[in-house]
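See structure below.
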Amino acid sequence: MATPNAGRGSQALTRAEILALPAAIDLDTANRALVLGRSTGYALAKRGQYPCRVLRFGNAYRVITADLLSVLGIGCTDEKTGSTPAIAAAPVKGHAA
């Protein structure tokens, strides 16, 4: 049985690959994570209908990885505890911690 990406040059991203992505990614990488073709992904971004927030810088599109994770229903969890790690707020300069 053929996989959905059998005839394509790039494969869909695994969960581990998605969690290892930087804070913002190019549209082609986001398309792979969402298993969207290149033409479809760019058409959706151009029409403002991409499934997550897309930033445009000139001719370049960037997707915020946190938004992509949310759309995919993938949370950033601690592998050992299974819980979402707390993010400590940095103290504001001039204020006591």
Side-chain angles (χ1 to χ4, degrees):
M1 176 187 266
T3 61
N5 293 325
R8 297 184 187 171
S10 62
Q11 295 292 318
L13 296 176
T14 65
R15 184 178 194 278
E17 289 171 328
I18 292 169
L19 288 172
L21 292 172
I25 56 174
D26 61 272
L27 196 62
D28 289 327
T29 302
N31 289 340
R32 286 181 56 207
L34 293 167
V35 194
L36 288 174
R38 189 174 199 275
S39 298
T40 301
Y42 276 86
L44 290 170
K46 187 175 182 178
R47 291 192 309 254
Q49 297 177 333
Y50 204 77
C52 53
R53 187 171 39 151
V54 176
L55 305 175
R56 186 168 181 178
F57 301 102
N59 290 331
Y61 291 99
R62 295 289 179 262
V63 174
I64 305 302
T65 303
D67 290 347
L68 177 64
L69 292 173
S70 178
V71 167
L72 292 172
I74 298 175
C76 296
T77 59
D78 184 322
E79 294 293 325
K80 294 177 186 172
T81 65
S83 63
T84 303
I87 300 173
V92 178
K93 191 173 184 176
H95 289 78

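For this chain, numbers begin at 1 and follow the sequence in order. Below, all heavy atoms of this structure are taken into account, side chains as well, without hydrogens, waters or symmetry copies. Because the structure is predicted, anything quoted here is derived from the model rather than measured.
- A pairwise comparison of heavy atoms in Val71 and Pro51 identifies CG2-O, 3.2 Å as the closest pair.
- Looking at Leu69 and Leu19, their side chains come closer than 4.5 Å, going by heavy atoms from C-beta outward.
- Between the OG1 atom in Thr29 and the CG atom in Leu21 there is a gap of 7.0 Å [rounded to 0.5 Å].
- Ile25 and Ile74 fall within the same hydrophobic cluster, where Ile, Leu, Val, Met, Phe, Trp and Tyr residues are linked whenever their side-chain heavy atoms come under 4.5 Å apart, directly or through other members.
- For the pair Leu72 and Ala33, the tightest heavy-atom approach, listed with the atom from each and the gap, is CD2-O, 4.0 Å.
- Taking all atoms of both residues into account, the shortest heavy-atom contact from Val63 to Cys52 is CG1-SG, 3.5 Å.
- Note that CZ of Arg38 and CG of Asn31 are 8.5 Å apart. Values are rounded to the nearest 0.5 Å.
- A distance of 4.5 Å separates CZ of Arg32 from CG of Leu13, quoted to the nearest 0.5 Å.
- In this structure, CG in Leu27 is found 9.0 Å from CZ in Arg62, a value given to the nearest 0.5 Å.
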Could you go through Asp28 and Tyr61, starting from their C-alpha distance and side-chain angles, then the distance that decides it, and tell me whether this counts as side-chain contact (heavy atoms from CB on, under 4.5 Å)?
CA-CA 9 Å; Asp28 289 327; Tyr61 291 99; over 6 Å; no

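- In plain terms, the two heavy atoms of Gly41 and Leu36 that are nearest each other are CA-CD1, 4.4 Å.
- Although no hydrogens or angles enter the test, the distance criterion places a donor-acceptor pair under 3.5 Å between the side chain of Arg56 and the main chain of Gly58.
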